[in-house]
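Read through the structure below, which is laid out as structure tokens, and then see the notes.
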Amino acid sequence: MTPKEYKYTKEHEWICPESENKGKVGLADYAQSQLGDIVFLDLPAAGTQVEQGKKMGEVESVKAVSDIFAPVSGQVLEVNQAVIDEPGLVNKDPYGAGWLVRLELSKPSELAALMDSEEYDKFEAELAEGESE
Amino acid sequence: MVRLLKKTPLNKVHHELRARMTYFAGWELPVWYASVLEEHRAVRSGAGIFDVSDMGRIWITGRNAGAFLDKVLTKRVGRLEIGSSQLCLLCLEDGGILDDLLAYRVETDCFLIVCNAGNIEPKLGWLDRWAGSDPDVVIRDKTADTVMVAVQGPTVRHLQSLKDISNLPRFGVAQTRIEDVEVIAARTGYTGEDGFEIISDATNALHLWQSFMKQGVKPCGLGARDSLRLEAGMLLYGQDMDRNTNPFEAGLEWLVEMNDRDFVGKSALLEIKRQGVKRKHIGLRVTGQGIARPGYKIVKGGREVGKVTSGGYSPTLDISIGFGYVPIELATVNTDIEIMIRSKPVAAQVVNRQFYKRGA
């Protein structure tokens with residue numbers, strides 16, 4: 001299930017807000033299930049400035065490659081070395097151990113533009129419905 | 001636009017198993033069930049089953065069937081022993097490759113051709129054209145009436161259902177019974193592992209599939225089919241070769257026998273061989289970061305020199321591997337090249353195409 005306290009984008013990234021305008025960013029379960037086994041991640045290095053809605057990295061699965069967009073603007077504080085070493089963590093635990101980067105938000109007000117878990121669940125359900133038709 | 005989709009006799013099973021479905025050469029097929037990596041590893045270490053009913057299954061029968069095939073194929077199959085098979089190519093008059101296929105001699109005057117799914121109608125037209133009005137060559141496409149599964153992996157020879165044919169030699173073919181249904185079973189495959197390809201009437205599809213699943217054989221999709229054949233150094237028609245490539249540049253000269261007869265495309269192939277090829281199909285290994293995929297540019301010294309034709313992640317070797325065409329002067333093992341992976345040049349190396357070889 002999608003964690004309640006996270007915020008979500010239409011491109012299926014999530015951000016888990018922490019105190020002092022920091023937060024971890026990752027890919028939603030829907031993204032990993034669509035991509036299949038993830039085998040490679042290209043993530044921005046610590047110190048990089050990212051901008052909301054702009055590409056910040058790439059994720060490659062056995063079958064596809066996809067861009068990763070920054071859910072909010074800010075500076076990369078930390079990259080999850082565990083997912084670089086074992087990209088399959090994103091498949092196994094997308095909302096936990098499979099987080100990608102930690103950001104320091106430069107515009108915390110941007111969070112308001114993202115979906116909460118309830119909105120996101122609805123959004124995802126509609127996508128899944130369209131797919132099965 | 002309306003998409004005309006062909007469904008295999010196992011289509012419903014794939015949906016029931018909640019496979020991720022995709023479109024391949026006009027067919028709706030599973031790309032994976034749960035995980036490409038798990039399916040790939042099952043075939044490398046245990047046993048997997050693939051629905052390969054998209055492959056064309058064409059019966060060539062009649063007194064002149066063998067002579068006819070000798071005329072259209074690049075290898076002489078008319079003298080194959082009954083119960084054996086031969087990989088060969090179907091070439092156009094200009095030497096371009098129309099398909100790669102396996103020709104099985106099932107009986108004296110009965111051959112079975114298993115070819116690629118794509119462009120089946122033009123291929124049938126081509127065969128019909130060369131058969132002409134000879135009443136002793138009968139060509140029948142039974143793809144829609146039959147099912148074909150590939151059961152592949154190092155442990156398949158121990159499966160109860162396949163015990164009776166476990167002594168079938170590599171490339172051997174037999175008309176036999178499996179799980180009480182009539183089949184044609186061959187010791188062939190497209191994974192680089194031991195295994196069988198089994199053809200039966202479409203009405204037996206579900207029964208055969210379920211009996212293998214009950215024995216613990218893992219259902220595998222197109223994703224694993226692609227990564228397994230890539231590791232094993234096997235080419236895919238439509239990507240690694242097509243009408244615009246000839247067998248010599250594709251590195252398939254071992255499938256061409258020119259000394260014992262005349263056949264369609266022979267004079268062109270002799271001329272191509274005499275002149276020598278300008279480009280060559282090679283194996284490549286990405287040494288930098290990223291995955292090479294079909295269509296990516298191969299560059300050398302900042303200049304585009306070719307394209308990746310197949311590529312992906314190798315689960316067995318945990319590296320990024322692929323095939324592509326490069327000018328002949330670069331087609332030497334250990335040559336440094338670069339692959340443009342989304343506008344960034346990434347270091348790669350020319351290597352032998354057989355990335356994986358199974359143990360004896």
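Note on naming: letters A, B, ... go to the chains in the order of the sequence lines (proteins, then strands), and numbering restarts at 1 for each one.
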query: Can a salt bridge be assigned to the pair Asp42(A) and Lys344(B) using a cut-off of 4.0 Å between side-chain N and carboxylate O?
result: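 Yes.
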Which residues in residues 56-78 of chain A have a heavy atom less than 4.5 Å from any heavy atom of chain B?
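Within residues 56-78 of chain A, near chain B: Glu58(A), Glu60(A), Ser61(A), Val62(A), Lys63(A), Ala64(A), Val65(A).
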Identify the residues of residues 4-22 of chain A whose heavy atoms come closer than 4.5 Å to a heavy atom of chain B, ordered by number, or report 'none'.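 Within residues 4-22 of chain A, no residue comes under 4.5 Å of chain B, counting heavy atoms only.
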| field | Segment of Ser227(B) engaging chain A (4.5 angstrom heavy-atom cut-off) | value |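 Nothing of Ser227(B), per the 4.5 Å heavy-atom cut-off to chain A.
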Query raised in the report: So which part of Asp318(B) gets closer than 4.5 Å to some heavy atom of chain A, the side chain, the backbone, both or neither?
Result: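 For Asp318(B), there is no contact with chain A at all, as no heavy atom is under 4.5 Å.
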Item checked: Results of side-chain contact (heavy atoms from CB on, under 4.5 Å) for Thr245(B) - residues two or more places apart only ->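 side-chain contact (heavy atoms from CB on, under 4.5 Å) check on Thr245(B) returns Ile97(B), Met241(B), Asp242(B), Glu249(B), Arg279(B), Tyr325(B).
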Fill in: Heavy-atom proximity to chain B below 4.5 Å, by part of Leu35(A)
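Contact with chain B involves the backbone of Leu35(A) alone.
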Count the heavy atoms belonging to other residues, nucleotides or ligands that lie under 6.0 Å from [atom1] of [X], then report whether that count exceeds 12.
X: Lys297(B); atom1: NZ; result: no
X: Glu16(B); atom1: CD; result: yes
X: Asn91(A); atom1: CG; result: yes

query: Mind checking which of residues 282-292 of chain B sit less than 4.5 Å from chain A, heavy atom to heavy atom?
result: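 Against chain A, the residues of residues 282-292 of chain B that fall inside the cut-off (heavy atoms, under 4.5 Å) are Gln289(B), Gly290(B), Ile291(B).
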Q) Distance from Tyr313(B) atom OH to Asp37(A) atom CG, nearest 0.5 Å? A)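 Here the interatomic distance stands at 9.0 Å.
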